[in-house]
Amino acid sequence: MEEVAIIGIGCTPVGEPWHKSLRNMAVESTWAAMEDAAIDQVDALIVGNMSSGNFNDQESLGSLIADYAGLGNISAFKVEGACGSGGAAFNAGVMAVASGMHDTVCVTGVEKMTDVVGDNATKILANAADREYESIHGISFVGLNAMIMRRYMYDYNVKKEDLCAFPVNSHKNAVHNKYAMFRQEIKMDAVLNSPMVADPMTLMECAPICDGAASAIITTKERAREYTDTPVIVKGSSLKVDTIGVHDRKTVTSMKATVTAANDAYKQSGLSPSDIQTVELHDAFSIMGAIGLEDLGFAERGKGARFAAEGQIGIGGKLPCCTFGGLKARGHPVGATGLYQIIELSKNLRGEGVVDAECGLAQNIGGTGSTVSVTILGRG
Ligand code: COA
């Protein structure tokens, strides 16, 4: 197996750009990453996207984006894993290079969620749940996460005030990120007093519905220095699944797919949680931040929210998390999110970010933990 490295990164600003279509955004980020790697061709394009058929009436994204990016007659296809599609596509790209199948691969995550009206985005997102046992009864994604949150608060006697630390931290870190959707700080009161979406979860605990694209160019570690002086090494990349329905799990306050993907990625890298210096958590909802810290091995069971409330996830803290604003404030264009995490981690490792780190981890969740990828990156 070849070792894999990231040699180029690029993205679009996250938001609601009415003047850009799905393909415009995907091409923009693909070209930005290729320019960063100083290359004009790749051997394959792997696209991470959750639901372009429903959001944009457009499928066949491999062909569409390769065509409009001018990449010609290459290998290109789409990978889907709900909100974890970006991380799943990156994992597929790593496999393609590690196996020796392709030398250079562009992985592009893209989602344009804001072209549908009314509650259609909520309905499309609910397709990631179990249709026959969950979404058919009208439960939304926010609703499922709110139930997990309520159970977690009950089991571990956790106060909502502690969970607020996640959105407060993400908004603070988004201020310096020119690609972030919400670049303003918020205080705990703003989170507590924002409109209730699904009791006990308020608006300011949820990631927004938005558009964006992000790309990474990968090649073998051996060839990486031909392209860049600052390659980022993929030390571990794993994707695991769990039951699609929350009701089929022994516990809802831990995600087996995160635990197993993390264990696998730690094993591949030879590292343990104490070696990780920064984390891009899948903080789509405040509760996911707390459970993520615990499942990844950074906090004791039931103590993830306290860990955050004590300031340990801030820049300058013990474990800086969501350093460019996370899903909550940078934004969560679902199929692109896993790639935003990879490029943000890469910036930190290349010395172009906000924390000086040798090694970092990204966790990207699809569904309510039904598909989870964990990536560990290190300085080259
Ligand atoms: N955080 C902060 N502000 C938000 C926001 C969020 N998540 N979502 C919307 N807003 C703001 C908008 O910018 C807008 O502000 P303005 O009035 O100053 O322009 C205002 O709130 C109303 O926006 P609107 O689009 O009408 O919100 P909404 O009520 O339709 O949607 C949520 C709010 C929380 C329901 C929606 O963002 C949501 O469903 N989020 C979860 C998405 C999701 O499940 N993703 C997958 C997770 S894995």
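Quick caveat: nothing in here was measured; it's all calculated off a predicted structure. One-based numbering, in listed order, for ligands and for the atoms of each. If you read the sequence from its start, that first residue is 1, and numbering goes on from there.
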Taking the side chain as everything from C-beta on, heavy atoms only, tell me whether M149 gets closer than 4.5 Å to F285.
no
If you measure every N or O of H282 against every N or O of ligand 1, does any of those distances drop under 3.5 Å?
no
Could you pull out all residues at least two apart from K303 that satisfy side-chain contact (heavy atoms from CB on, under 4.5 Å)?
E300
Got a protein heavy atom sitting under 4.0 Å from atom 42 (C) of ligand 1?
yes
Around atom NZ of K172, are there more than 12 heavy atoms from other residues, nucleotides or ligands closer than 6.0 Å?
no
When you measure from atom 35 (C) of ligand 1 to each heavy atom in D283, V197, T337, which option holds the nearest one?
V197
Is D155 paired with R151 through a side-chain N to carboxylate O contact shorter than 4.0 Å?
yes
Taking both backbone and side-chain atoms of A207, is any N or O found less than 3.5 Å from an N or O belonging to ligand 1?
yes
Any idea which of F182, F285, F141 brings a heavy atom closest to atom 10 (N) of ligand 1?
F182
Per-atom contacts, ligand 1 versus K328 - under 4.0 Å to a heavy atom
1 (N), 2 (C), 6 (C)
State whether any protein heavy atom lies less than 4.0 Å from atom 26 (O) of ligand 1.
no
For atom 34 (C) of ligand 1, which candidate among L327, T122, L203 holds the nearest heavy atom?
L203
Measure from atom 38 (C) of ligand 1 to every heavy atom in V334, I209, N364 and give the option owning the shortest one.
I209
Ligand 1 versus L125: contacting region, heavy-atom distance under 4.0 Å
side chain
Once you measure the plane-to-plane angle for H171 and F182, does it fall in the parallel (<30°), tilted (30-60°) or perpendicular (>60°) bin?
parallel
With a 4.5 Å heavy-atom cut-off, do K328 and F166 have their side chains touching?
no
